[in-house]
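What you see below is based on every heavy atom in this structure, not just the backbone, and it leaves out hydrogens, waters and symmetry mates.
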4 protein chains.
Amino acid sequence: MIIEMQMNAPETTTAAILRAASARKLTANVMRNERAAQVIGIGGSIQLDQLDVPWIARVEAVHKPFMLASRELREASTVMVGDVPVGNGQPVIMAGPCVVEDRESLIAGARAAQRAGATIQRGGAFKPRTSPYSFQGLGEEGLRHLAAARDATGMPVVTEVMEPEQVELVAGYADMLQIGSRNMANFPLLKRVGKSGKPVLLKRGFAATIEEFLMSAEYILAHGNPSVVLCERGIRGFDSMFRFNLDLNAVPGLKEVSHLPVIVDPSHGTGVRSLVPRMAMAGMAAGADGLIIEVHPNPESAMCDASQTITPDTLADIHRGMMAVHAALQPIFAPDLAPVMVAAD
Amino acid sequence: MIIEMQMNAPETTTAAILRAASARKLTANVMRNERAAQVIGIGGSIQLDQLDVPWIARVEAVHKPFMLASRELREASTVMVGDVPVGNGQPVIMAGPCVVEDRESLIAGARAAQRAGATIQRGGAFKPRTSPYSFQGLGEEGLRHLAAARDATGMPVVTEVMEPEQVELVAGYADMLQIGSRNMANFPLLKRVGKSGKPVLLKRGFAATIEEFLMSAEYILAHGNPSVVLCERGIRGFDSMFRFNLDLNAVPGLKEVSHLPVIVDPSHGTGVRSLVPRMAMAGMAAGADGLIIEVHPNPESAMCDASQTITPDTLADIHRGMMAVHAALQPIFAPDLAPVMVAAD
Amino acid sequence: MIIEMQMNAPETTTAAILRAASARKLTANVMRNERAAQVIGIGGSIQLDQLDVPWIARVEAVHKPFMLASRELREASTVMVGDVPVGNGQPVIMAGPCVVEDRESLIAGARAAQRAGATIQRGGAFKPRTSPYSFQGLGEEGLRHLAAARDATGMPVVTEVMEPEQVELVAGYADMLQIGSRNMANFPLLKRVGKSGKPVLLKRGFAATIEEFLMSAEYILAHGNPSVVLCERGIRGFDSMFRFNLDLNAVPGLKEVSHLPVIVDPSHGTGVRSLVPRMAMAGMAAGADGLIIEVHPNPESAMCDASQTITPDTLADIHRGMMAVHAALQPIFAPDLAPVMVAAD
Amino acid sequence: MIIEMQMNAPETTTAAILRAASARKLTANVMRNERAAQVIGIGGSIQLDQLDVPWIARVEAVHKPFMLASRELREASTVMVGDVPVGNGQPVIMAGPCVVEDRESLIAGARAAQRAGATIQRGGAFKPRTSPYSFQGLGEEGLRHLAAARDATGMPVVTEVMEPEQVELVAGYADMLQIGSRNMANFPLLKRVGKSGKPVLLKRGFAATIEEFLMSAEYILAHGNPSVVLCERGIRGFDSMFRFNLDLNAVPGLKEVSHLPVIVDPSHGTGVRSLVPRMAMAGMAAGADGLIIEVHPNPESAMCDASQTITPDTLADIHRGMMAVHAALQPIFAPDLAPVMVAAD
């Protein structure tokens with residue numbers, strides 16, 4: 001059930017509704033719409049006519065199952081990652097190596113990526129690897145290197161968290177918590193990052209439907225965290241020419257039903273370095289709010305995902321193209337874009 | 001086996017090679033590379049050292065199985081559809097209704113599409129329908145209406161041919177023959193359009209790999225027809241939100257290994273009207289040479305595919321966006337684009 | 001619209017209904033149910049209350065789109081292939097090489113397959129090949145060899161027909177016409193075999209849904225041919241360990257909604273010789289009416305599909321297992337099986 | 001690297017090899033082959049010629065990446081669940097409700113399932129649910145009910161564990177830990193159950209390849225737990241007639257490369273009650289070691305997965321059919337089956 005309050009509704013009214021939900025043991029979350037009015041999402045139904053609650057602007061009893069993530073709640077969101085807005089019509093690039101290797105090369109790479117146009121630093125400290133015999137990442141040492149890179153460049157850091165117990169540790173270093181594709185439906189982990197207070201980058205499971213993807217986002221939102229960025233990263237396909245099949249239908253598909261920002265990962269989405277630039281452009285043209293890309297000063301020597309990693313020079317081309325596509329299409333297809341800021345409700 | 005001749009090689013040398021292939025009962029096709037030198041593709045191997053053949057510039061014994069369609073033969077092709085070039089760096093829109101309904105509305109729709117930026121007219125006279133009880137198209141009467149629309153607008157016409165026996169009939173009216181997705185591996189039909197003398201629009205089978213797609217193009221090329229345009233039109237996916245999953249990875253994937261022009265069909269590729277504009281833009285940003293789109297003056301009343309058909313007004317936005325994306329990205333990602341013309345060898 | 005007549009309904013009543021359908025330009029087909037009463041399937045609706053038609057037992061105005069193929073029309077069908085019944089509770093094996101190579105080896109292989117338990121001979125004369133440079137089959141010479149093998153063994157012959165113009169030629173030699181997976185939605189071909197008077201083996205398109213598969217069967221039935229056997233032969237999957245993914249869900253899925261016999265092709269369905277026996281058993285346990293298997297006296301030397309072809313010895317094991325599974329499960333899961341014979345209405 | 005010792009090799013030799021591996025910081029696991037000789041799997045390479053180690057029977061330097069799970073290590077394994085062997089040629093049924101609802105109905109259902117032939121009790125206490133607003137299971141209370149059902153029936157209990165922190169709690173009640181499909185690549189969870197000392201039922205991710213599935217099993221084995229049972233439970237497909245597509249190719253596919261027992265879940269694998277019996281039979285005929293099935297005394301009233309849940313009566317038919325299929329096929333296709341027991345090395 002979605003209840004939208006009038007602009008100047010007093011806190012007491014909202015509080016009454018929350019008490020009614022609590023009495024029925026229903027989850028209830030308060031967010032704000034694009035006009036900054038409060039919107040309450042309740043995981044079930046309460047009987048409003050038995051409450052003395054004026055100031056209600058709109059009630060939706062029938063709505064998408066991903067109530068808090070839906071456009072029925074709000075038109076469009078901006079998520080702050082450190083001081084970098086994602087989703088406000090200013091396209092963003094998150095870039096860095098697949099895995100953090102050592103401090104010096106990480107910082108050198110971060111500076112090169114920043115010069116090429118990146119504004120958020122990515123890199124793995126805890127790595128999900130298919131084989132138990134593969135390098136599993138540097139762990140907390142990797143987190144410290146990422147923090148050092150942030151000190152050096154000023155770029156906020158996004159890095160993956162793989163299990164509920166790690167959330168606090170990773171949140172202590174990172175500016176944004178990444179949930180990997182294989183963990184999209186790891187519900188205990190989603191609940192924990194929902195309580196972390198940090199923005200979350202949620203990658204789509206590689207065989208998840210749009211609705212399943214948004215239900216996973218809903219877990220995070222329903223546990224109190226409004227700052228979720230969605231990431232399309234390729235689905236499983238039948239053609240061995242590609243490692244995964246970047247599914248750009250998901251970009252306008254998500255935008256049509258959800259207010260959350262959407263970015264695209266053409267690196268994992270194809271697994272093929274030569275296809276990354278054009279698929280990055282396609283992602284932006286499809287309406288994405290940004291890109292996440294694996295970049296390494298010397299891709300061939302990268303410790304993982306070498307075949308899909310590009311150079312900073314290629315990243316500079318991608319940045320130039322991204323801004324050009326955005327400038328070309330925003331006036332035609334999204335002239336009214338003016339989403340609210342999400343953070344610090 | 002691919003044999004590239006020197007620029008000024010005499011005809012007698014080429015003829016000797018063709019005779020040697022013929023003696024071994026191998027197919028042999030002569031095409032031209034981007035410098036207009038002759039390139040001979042032979043469906044097998046001949047022993048060059050036993051022939052007196054100077055003037056050979058390059059021999060590739062090991063190459064892609066789709067020899068004639070591969071970039072090993074030529075960099076990039078332009079296919080002439082009537083007087084409209086496809087693939088020469090000038091993006092093109094093919095537009096029209098799913099099925100030809102009657103002459104007046106077809107001509108009215110064609111004029112509206114032309115005003116919106118289309119330069120090639122599409123429309124089905126023979127329609128492959130899942131149900132034997134559905135309307136199967138007007139047949140030859142539909143072809144006559146398409147010819148009338150061409151008279152009215154000057155736009156060349158592309159329309160589907162479904163069986164070998166129909167090729168001559170359809171080629172008598174149309175400027176380009178379309179092979180539908182369900183017929184991509186209808187080899188007798190591919191052979192026949194290979195001998196038709198008309199350019200061919202080959203749609204990708206909805207579960208075909210890139211290599212299978214190009215092998216189907218190879219059938220047409222190997223039967224003597226160099227004028228093939230490839231069309232990505234969506235693959236089968238697992239999410240019922242979309243009718244098909246437009247697979248834009250195929251665009252740079254095809255461009256990387258083939259010289260043939262590639263267009264994108266966001267109408268069938270999504271099956272959802274509201275997703276067509278953004279996916280059209282994404283297709284262009286991925287590097288496509290154009291679009292094919294279902295347009296109807298009154299989409300809701302269209303006799304088939306109503307849910308994915310757009311209005312001429314939306315088409316005008318798409319045309320504006322297409323030109324803007326092309327102008328933005330060509331200088332960055334395809335600065336050297338200068339393919340040879342294919343027709344009339 | 002499905003109209004079931006009473007057992008002893010006079011011909012005049014049926015004729016009146018057919019005239020009413022014809023007057024409205026609707027297709028109309030007469031078949032028999034399992035009690036041998038006539039059932040009329042009409043591709044649309046007629047107004048029965050305006051006709052003087054007693055003797056009607058049942059009318060279904062709302063039914064599956066594959067009316068003639070559905071269980072709403074009849075419980076279960078038996079299709080006669082020569083003198084071999086398919087679908088009457090007697091499991092059947094169709095066996096032979098991928099492609100007919102020469103007369104002697106074909107006959108030797110047929111005899112070996114017959115000794116191993118096969119009762120229908122398969123083998124390709126016209127072969128759909130992905131590459132235009134691959135061997136395309138012996139053509140009519142291959143058909144003559146197949147006829148010679150039938151003379152030698154008495155086994156009826158099933159072989160593929162690839163285009164409408166070939167139907168008469170192939171029907172002149174074969175006892176059953178095979179429509180390959182790539183042609184499942186080749187509607188002109190389906191119409192033509194619908195008029196051929198020969199039973200048809202319709203293979204499922206490798207990305208076709210159950211409903212699409214049955215709609216293709218409906219094309220054949222609606223053009224006058226009641227003798228259709230369905231074949232599950234593997235769908236496109238994502239795991240390169242298998243060439244295709246035999247989809248056994250289709251077997252009980254088809255049986256639940258259709259009366260047509262269903263056989264399973266574990267050779268193409270896996271592409272892996274070592275998996276053929278167990279998947280053949282699984283197909284039978286899923287409820288199939290038989291198997292079609294690629295067998296060659298010397299699989300390694302087979303001209304095509306060598307990697308999925310088994311020996312006659314393995315076929316003998318499969319036959320033994322097939323009969324054992326059938327005997328074990330029929331009493332538990334299909335005790336009432338007693339379908340009518342289809343042919344010669 | 002796989003090192004197989006001779007039958008009577010002294011402990012000192014094995015110890016020397018383990019020290020060498022440890023010195024190089026490589027994982028090393030000791031298991032036994034079907035003749036009870038020790039086999040050492042090392043996650044990397046050691047230089048045997050620099051050690052004084054006689055008694056070595058076989059060394060495999062090149063092997064499958066899932067070394068410990070591969071048939072290169074051992075022919076076939078039996079896993080003990082409580083006192084019930086899985087994988088020793090005695091087919092097994094695990095049955096119970098999707099989710100534990102209350103103690104009385106759980107026990108009544110368990111008794112009914114036991115009478116129908118089940119020997120292991122399943123049921124969810126912690127449930128992964130797509131929606132944060134759905135019932136998430138009774139938690140520890142559900143575990144206590146499961147333990148009570150075991151007391152009542154004597155059947156060992158398998159139940160799902162969703163996060164590393166829960167492993168100890170769940171292992172305190174259950175006889176076997178289930179890893180759900182969505183957690184197949186939850187590597188921290190795999191590591192933790194690898195150290196739990198309890199047998200593990202590992203369900204295949206619904207878009208995982210055979211190799212990825214076995215690499216996840218390898219995580220458990222490499223962390224010290226030899227008792228892993230694999231479960232095929234359906235992959236994502238394109239046909240909305242089925243919820244998932246039970247992929248029986250996986251059964252002989254897994255058996256060909258791995259020694260681990262394999263069971264099949266026709267309930268989740270189809271999502272359709274009417275298809276469960278035949279797909280269960282097909283799974284057994286494909287070579288599975290057993291079944292896991294959702295059963296409820298009153299399926300329509302089940303709190304989750306009602307549409308795929310069967311009655312105890314249907315389960316009795318399935319049990320009868322399972323034993324019949326096994327008896328029919330074991331002599332033909334697996335005459336030598338005699339795997340070693342795994343537990344308590």
So which part of C:Met323 gets closer than 4.5 Å to some heavy atom of chain D, the side chain, the backbone, both or neither?
neither

For C:Phe238, is it the side chain, the backbone, both, or neither that has a heavy atom closer than 4.5 Å to a heavy atom of chain D?
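For C:Phe238, heavy atoms of backbone and side chain both lie under 4.5 Å from chain D.
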
Interatomic spacing from [atom1] in [X] to [atom2] in [Y] - rounded to 0.5 Å:
X        : Y        : atom1 : atom2 : value
C:Thr270 : D:Leu248 : OG1   : CG    : 12.5 Å
C:Asn245 : D:Asp247 : CG    : CG    : 4.5 Å
C:Met281 : D:Phe333 : CE    : CZ    : 4.5 Å
C:Glu256 : D:Met241 : CD    : CE    : 5.5 Å
D:Lys255 : C:Ser274 : NZ    : OG    : 14.5 Å

Among the options [options], pick out the one with the most heavy-atom pairs lying under 4.5 Å from chain D.
options                                : value
C:Gly287, C:Pro266, C:Ala250, C:Ala324 : C:Gly287
C:Leu246, C:Ile235, C:Val325           : C:Leu246
C:Val257, C:Val251, C:Asp317, C:Val272 : C:Asp317

Quick check against the 3.5 Å criterion: does C:Asp239 have a side-chain atom that pairs as donor or acceptor with the backbone of D:Ile210?
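Yes, C:Asp239 side chain to D:Ile210 backbone: donor-acceptor pair under 3.5 Å.
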
Output yes when a side-chain donor or acceptor of D:Arg320 lies under 3.5 Å from a complementary backbone atom of C:Ile332, and no otherwise.
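Not at all, since once roles are kept as given, no pair shorter than 3.5 Å links the two residues.
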
So which residue, D:Ala282, D:Pro331, D:Ala288, ends up with the most heavy-atom pairs under 4.5 Å with chain C?
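It is D:Ala282.
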
Which of the residues D:Ala286, D:Pro252, D:Ala328 is involved in the greatest number of heavy-atom pairs with chain C at under 4.5 angstrom?
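Highest number of heavy-atom pairs under 4.5 Å: D:Ala286.
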
Closest non-hydrogen atom pair, D:Met284 against C:Arg278:
O-NH1, 4.1 Å

